[in-house]
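Keep in mind the model is a prediction, meaning the values are calculated, not measured.
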Amino acid sequence: MSGCRKRRRGSVSSEAGLVEEDVNEDVVDTGVLDTISQQYESLDYDTNFNSLLLDEIRIRGYKFVMQKDIQRWLIMLSVGILTALVACSIDITIEVLAKIKYGWLREWTDHCVAEENNCLYIPYLMWVGLNVIPVTLGSFLVAYIEPVAGGSGIPQIKCYLNGVKVPRVVRIKTLICKAVGVTLSVLGGLAVGKEGPMIHSGAVIAAGISQGKSTSLNIDTKSLPFFRQDREKRDFVSGGAAAGVAAAFGSPVGGVLFALEEGASFWNQSLTWRIFFGSMTSFFTLNMVLSVFKGIPGQLSNGGLLNFGQFDDAKYEVWELPLFVLMGIIGGVLGALYNHINFKLTVFRMRYITSPALKMLEVMIVAAVTATAGFLMIYLISDCKPFGNDPTDNPIQMYCNDGEYHVIGAIWFQTPEQSVRSLLHDPPSSHHLSTLGIFFMVYFLLNCWTYGLSVSSGVFIPTLLAGAAWGRFAGAALETIFPNSGLGDPGKYALLGAAAMLGGVVRMTISLTVILIEATGNLTYGFPIMVVLMVAKWVGDYFNEGLYDIHIQLAGVPLLAWEPPPLSATTYASEVMSNQVVALSPIETVGHIVDILKTTTHNGFPVVDHPMELTDNGRSFGKLRGLILRSELIVLLQHKIFSELYGEWEGKVDMALFRMAYPRYPDISRIYVSTTERDYHMDLRPVMNTTPTTILHSTSMPQMFNLFRALGLRHMLVLNDNNEVVGMVTRKDLARFRVVHQGGSMAREMVHVTEEVQ
């Protein structure tokens with residue numbers, strides 16, 4: 001059924017070791033916010049200190065701890081360098097090809113505008129063609145080859161760092177499609193930026209380098225085996241994301257704060273230093289390479305890919321603060337409107353634009369409409385200015401007099417980053433108020449339409465450009481209304497409008513403040529930027545969630561919030577837990593284990609002393625001995641670690657077996673077990689986690705939530721007063737309880753768990 005999906009009633013969690021029950025299913029519309037997808041699993045951030053790992057720790061000693069620490073620093077150095085090189089490749093490619101593209105368009109436009117030629121349809125068709133062709137190629141990469149490479153990638157990385165295993169998000173194919181795709185998207189003239197995808201690219205690079213192997217390419221260097229676990233990998237991914245921010249915005253400190261504010265749920269001081277080191281390395285490498293490219297080798301004052309340029313005469317007065325607050329309010333309202341429009345568009349796409357061919361067709365239409373909108377604005381709006389020291393690479397004359405250039409044409413005939421810089425630094429009176437107003441409305445709508453297409457695209461730059469347009473409009477309007485008052489510095493208001501707009505859309509405050517300060521190289525405007533960002537966030541939160549959070553909820557990702565739901569202390573573990581658990585004995589028959597793995601999709605199984613029984617207080621599954629994961633059982637079966645075959649594997653079972661199989665463990669259907677072997681036995685005690693995290697059935701929801709989130713758990717066993725297992729709590733059980741903010745009111749809702757979100 002198109003545009004619909006199946007929904008299970010009740011609490012069903014594939015991680016909890018549940019027994020499948022016959023449950024009624026109903027059909028609900030795709031594109032709703034009150035569902036969680038069953039397809040997402042959790043990462044294992046908690047370390048399993050089983051007998052094998054403890055033996056390894058005893059043998060290796062303190063020298064090995066130092067070696068691992070040195071390796072972590074070297075990996076972060078490599079991540080910083082490689083992220084910067086990818087950023088440079090993207091930036092240089094776009095700069096060279098965009099210069100050729102807009103150079104052609106300028107020449108043909110100036111040629112065809114002459115009365116004797118009268119062939120303006122030629123540059124228009126050229127513009128449409130030069131937009132549609134690269135964008136179609138970029139869309140093909142996303143629609144047909146790697147869908148997870150679409151968008152900015154920040155929501156996916158945010159989910160990954162929150163502890164959710166997002167399929168294919170850190171694979172090398174994703175990186176290639178992301179880097180090539182965003183290059184083609186920007187070249188295609190869409191209202192996109194390359195900064196968001198750079199953050200995703202850095203995260204993929206970190207995930208790959210830290211493992212010392214590529215499963216996609218079937219390459220294994222046999223190095224760095226001790227980092228082949230979710231805990232280490234996720235720490236490196238947070239560092240890679242920070243290095244991506246440092247490369248994109250020239251903001252090493254902003255990168256660290258971004259990873260802290262938007263990403264990592266688990267933090268420590270040593271991780272902070274390593275991430276900062278990676279960000280510094282990325283920033284330095286990027287500057288070195290770009291300085292060579294620009295013919296000034298060794299000059300390290302370029303900043304990142306996004307450099308707003310210096311504000312020479314930066315000052316503001318205390319009585320301007322109310323104006324800054326007002327700009328924050330406007331930014332919050334516009335950001336909430338943007339998010340609402342984009343939410344409705346995304347729901348429409350999820351329901352009706354489902355096939356790859358339709359997704360590519362929509363991208364082509366948007367690319368053609370973008371070129372048409374730009375051409376019509378250049379053709380219909382007469383806004384001419386004499387040549388000066390304006391930061392304009394491709395000025396076109398159009399219908400202007402000799403010695404003048406067309407202002408709107410100058411904005412459109414360059415990349416969005418250059419347009420932002422133009423609006424921030426063009427001299428006062430460079431733009432008519434009507435020009436700025438029309439450009440803002442057109443670009444705002446194009447930006448809303450573009451985010452969520454099947455292309456690699458960032459939302460930072462187009463949102464900054466739309467905000468800079470209305471901010472400059474506000475500054476120019478103040479100068480018109482109050483001439484000679486000192487209020488009308490259009491560049492200052494363009495910067496604050498850009499900050500307010502972006503803050504209203506993505507709702508980031510701390511990291512965004514530092515990113516914008518580092519991108520302008522000016523601390524003077526730090527406080528006004530903080531004011532507009534905070535106000536924009538407060539106002540925007542009154543109406544709806546941030547853009548990334550909306551897309552995360554639409555995807556059905558079980559993201560855990562920073563805090564437990566308020567007033568949830570009266571909800572207990574016995575109400576939250578999944579109470580149909582598949583338990584195993586410490587020594588099990590091979591056939592029983594194979595049957596369980598084939599008939600369930602669960603990932604964690606309690607190991608108990610005796611079978612399930614009914615007690616006075618309800619059902620229990622036996623006295624707890626430990627917890628074993630599906631992946632661990634798979635490896636044991638794969639290598640036939642059976643008690644009856646002890647002589648064949650004696651002395652060969654260690655942690656290396658499990659690290660070799662990480663991260664893509666074979667499916668149980670690919671493991672052959674003979675009829676004779678089904679009667680053999682497996683001893684789970686050396687491999688199981690003998691000290692899993694447990695809680696009593698009377699534990700309150702806030703205690704459960706804080707423990708689960710702070711430790712990065714995947715499974716939390718619920719025990720009764722006799723230390724017997726009565727249930728299990730997983731991420732989806734907690735994520736079902738969600739707080740909804742709407743128009744200043746707050747309510748708690750319980751969302752549904754669905755089979756899949758399309």
Side-chain angles (χ1 to χ4, degrees), residues 95 98-131 189 191 309 368-446 462 465-466 468-477 479-480 483 488-491 493-494 497:
E95 187 170 332
K99 191 172 183 180
I100 296 171
K101 170 188 173 179
Y102 292 117
W104 282 352
L105 290 177
R106 183 193 64 191
E107 289 174 12
W108 274 96
T109 304
D110 287 342
H111 170 73
C112 287
V113 79
E115 288 185 16
E116 63 270 18
N117 296 318
N118 195 20
C119 56
L120 275 178
Y121 65 90
I122 293 179
Y124 166 65
L125 294 176
M126 281 181 63
W127 195 354
V128 171
L130 291 172
N131 271 20
V369 169
T370 302
T372 304
F375 190 83
L376 285 175
M377 288 182 69
I378 294 171
Y379 182 75
L380 298 175
I381 298 174
S382 177
D383 189 356
C384 301
K385 288 290 177 287
F387 285 107
N389 297 320
D390 312 323
T392 302
D393 290 334
N394 292 298
I396 61 169
Q397 186 173 352
M398 201 61 182
Y399 294 117
C400 298
N401 298 322
D402 291 340
E404 293 184 335
Y405 71 96
H406 199 282
V407 174
I408 283 289
I411 292 177
W412 278 103
F413 277 21
Q414 56 189 359
T415 59
E417 288 92 336
Q418 295 168 317
S419 300
V420 172
R421 205 173 298 121
S422 296
L423 289 176
L424 294 183
H425 294 290
D426 278 354
S429 304
S430 293
H431 308 83
H432 291 155
L433 285 176
S434 58
T435 303
L436 292 168
I438 295 170
F439 176 78
F440 163 70
M441 287 187 287
V442 170
Y443 205 80
F444 177 85
L445 294 174
L446 285 174
L465 180 54
W470 73 255
R472 192 173 182 96
F473 177 91
E479 176 64 24
T480 304
D489 181 358
Y493 286 97

J.: Looking only at non-hydrogen atoms, find the nearest pair between Thr370 and Gly189 and report the distance.
T.: CG2-O, 3.3 Å
J.: Is the closest side-chain heavy-atom distance between Leu436 and Trp470 below 4.5 Å?
T.: no
J.: Got a second to check how far Leu376's CG is from Ile408's CD1, nearest 0.5 Å?
T.: 12.0 Å
J.: Using a distance-only test with no angle check, is there a side-chain donor-acceptor pair under 3.5 angstrom linking Thr372 and Tyr124?
T.: yes
J.: Show the numbers, then the answer: is there a side chain to side chain contact (heavy atoms under 4.5 Å, CB included) between Val128 and Phe375?
T.: CA-CA 10 Å; Val128 171; Phe375 190 83; over 6 Å; no
J.: Using only atom types and a distance under 3.5 Å, with no angle test, would you say the side chain of Arg472 pairs donor to acceptor with the backbone of His431?
T.: no
J.: List the atom of His406, the atom of Met377, and the distance in Å for their closest heavy-atom pair.
T.: CE1-O, 4.3 Å
J.: Measure up the Trp108 and His111 rings against each other and bin them: parallel (under 30°), tilted (30 to 60°), perpendicular (over 60°).
T.: perpendicular
J.: Taking atom OG of Ser434 and atom CZ of Phe439, what is their separation to the nearest 0.5 Å?
T.: 13.5 Å
J.: So which atom in Ala371 and which in Asn131 form the shortest heavy-atom distance, rounded to 0.1 Å?
T.: CB-ND2, 3.5 Å
J.: Does the side chain of Tyr443 reach to within under 4.5 Å of the side chain of Pro462, using non-hydrogen atoms?
T.: yes
J.: Parallel, tilted or perpendicular, judged at 30° and 60°: which one describes the rings of Trp412 and Trp127?
T.: perpendicular
J.: Which pair of non-hydrogen atoms, one from Thr109 and one from Pro123, has the smallest distance, and what is that distance?
T.: OG1-CB, 3.6 Å
J.: Distance from Ile411 atom CD1 to Leu465 atom CG, nearest 0.5 Å?
T.: 7.5 Å
J.: Where do Ala469 and Phe440 come nearest, in terms of heavy atoms and distance?
T.: CB-CB, 4.0 Å
J.: Met126 and Trp104: which non-hydrogen atoms are nearest, and at how many Å?
T.: CE-CB, 4.1 Å
J.: Report the residue from Asp110, Leu130, Ile100 that forms a side-chain contact (heavy atoms from CB on, under 4.5 Å) with Leu105.
T.: Leu130
J.: What residues, two or more places apart in sequence or in another chain, satisfy ring pair (Phe, Tyr, Trp, His ring centres under 6.0 Å) together with Tyr379?
T.: none
